[in-house]
Amino acid sequence: MTPPALLLHHYDTSPFSEKVRKVLAHKRLAWGAVEQPSIMPKPELIPLTGGYRRIPVLQIGADVYCDTQCIVRVLERVQPDPTIYPDGGVATAHAWNLWADRLLFLPVVAVVFAEIGPLVPAAFIEDRTKMMPGRDFREIPQQAPYAREQVRALVATLEAQLGDGRPWLLGRTFSLADAACYHPLWFMRVAPGAQALLGEFSRVAEWMARLGAMGQGERHDVPAADALAVARGAQPAASGGVDPHEPNGLTAGAAVTVTPDDYGFDPVAGTLVASSVEEIAIRRKHPLLDALIVHFPRFGFRVARTG
């Protein structure tokens, strides 16, 4: 079978992948599920990304989209209806997205791993420690008492948002805000004690049940080798050009690296081919795949000249 045009490199237990899977379900899109390892090495992902190791990654031919901020914007362009920005709420939806990613997710991790840490393979802990230079992932569960307080306070914010009886966070219709705020709470299901923190929030429980019932859309499992073959046989889409208002004077063809600013500090090197206030794209080559364009969001990533 020919793989779907949308290939999501993920693993089933990845919370950030679950965010994207809910958007795919909402948009009723067919997509290829490309299973990747949860830890390094990732020999069938790194050739596509050039070093970026975080999950999920969206592949469309020879265009590779990193980070859920970037991925959901692409899915909105591919399938505008039904939108993830009801009533024109683009800014509101992305504000909730960053709230969930930057405020809610890390306390959830501390609470969950305080409970399941002894059951997690040592290789996973070592891998996550390498993603956070200067920190030891084994110390994160020590933050659990404080993190429980934070999770409870943040979930209470969601309960208040749903307090007027609305079914979704922004009103009568599903939005990116729902997928974003759901994914950390979905992760809590692996730790019964952590999940018990949600017990007092009945509206949040009903909202989570609605999200769970959405499923994952039209999923087709695709071997990673097939995804690489797709990239090998494709050419990147035409770029949109470099923003003339680039604040640091970047120009087309500049040699740059793009690196996350929070964890997983693996720089991706290439030449700049496109940029906007929302996205930056670099062209790179891999010996087995030829030309690729790798796309990143602007928020949460640092761009540096290398030549």
A.B. asks: Which residue pairs pass the salt bridge (Lys or Arg N to Asp or Glu O under 4.0 Å) test with at least one member in residues 47-59, sequence neighbours excluded?
C.D. replies: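 Salt bridge (Lys or Arg N to Asp or Glu O under 4.0 Å) check on residues 47-59 returns R53-D127, R54-D67, R54-D262.
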
A.B. asks: As a quick check of understanding, evaluate side-chain contact (heavy atoms from CB on, under 4.5 Å) for R128 and F113, giving each step before the final call.
C.D. replies: CA-CA 12 Å; R128 292 307 187 261; F113 277 88; over 6 Å; no

A.B. asks: I need the F187 CZ to F16 CZ distance, nearest 0.5 Å.
C.D. replies: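 Separation between the atoms: 10.0 Å.
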
A.B. asks: Taking side chain as C-beta onward, heavy atoms only, is R21 less than 4.5 Å from H10?
C.D. replies: yes

A.B. asks: Going through the checks in order, is the side-chain contact (heavy atoms from CB on, under 4.5 Å) test met by W31 and V20?
C.D. replies: CA-CA 11 Å; W31 60 284; V20 176; over 6 Å; no

A.B. asks: Side-chain contact test, heavy atoms from C-beta onward, threshold under 4.5 Å: evaluate it for L104 versus L185 and give yes or no.
C.D. replies: yes

A.B. asks: Does the side chain of L6 reach to within under 4.5 Å of the side chain of V74, using non-hydrogen atoms?
C.D. replies: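 Not touching, per the 4.5 Å side-chain cut-off.
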
A.B. asks: Given I280 and H295, is the side-chain contact (heavy atoms from CB on, under 4.5 Å) satisfied, shown in steps?
C.D. replies: CA-CA 6 Å; I280 191 156; H295 306 251; over 6 Å; no

A.B. asks: Mind running side-chain contact (heavy atoms from CB on, under 4.5 Å) on C181 and W207 for me, showing each step along the way?
C.D. replies: CA-CA 11 Å; C181 295; W207 166 77; 3.9 Å; yes

A.B. asks: So, do I293 and V273 sit near enough that their side-chain heavy atoms are less than 4.5 Å apart?
C.D. replies: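 Yes; the side chains approach each other to less than 4.5 Å.
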
A.B. asks: May I ask you to check whether W168 and H26 place their ring centers less than 6.0 Å from one another?
C.D. replies: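 Ring-ring flag for W168/H26: false, centres at least 6.0 Å apart.
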
A.B. asks: Within 45 degrees of the axis of the six-membered ring of W186 and under 6.0 Å from its centre: does R189 put its NZ or CZ there?
C.D. replies: yes

A.B. asks: Considering only heavy atoms from C-beta outward, does the side chain of L169 approach that of Y182 to under 4.5 Å?
C.D. replies: no

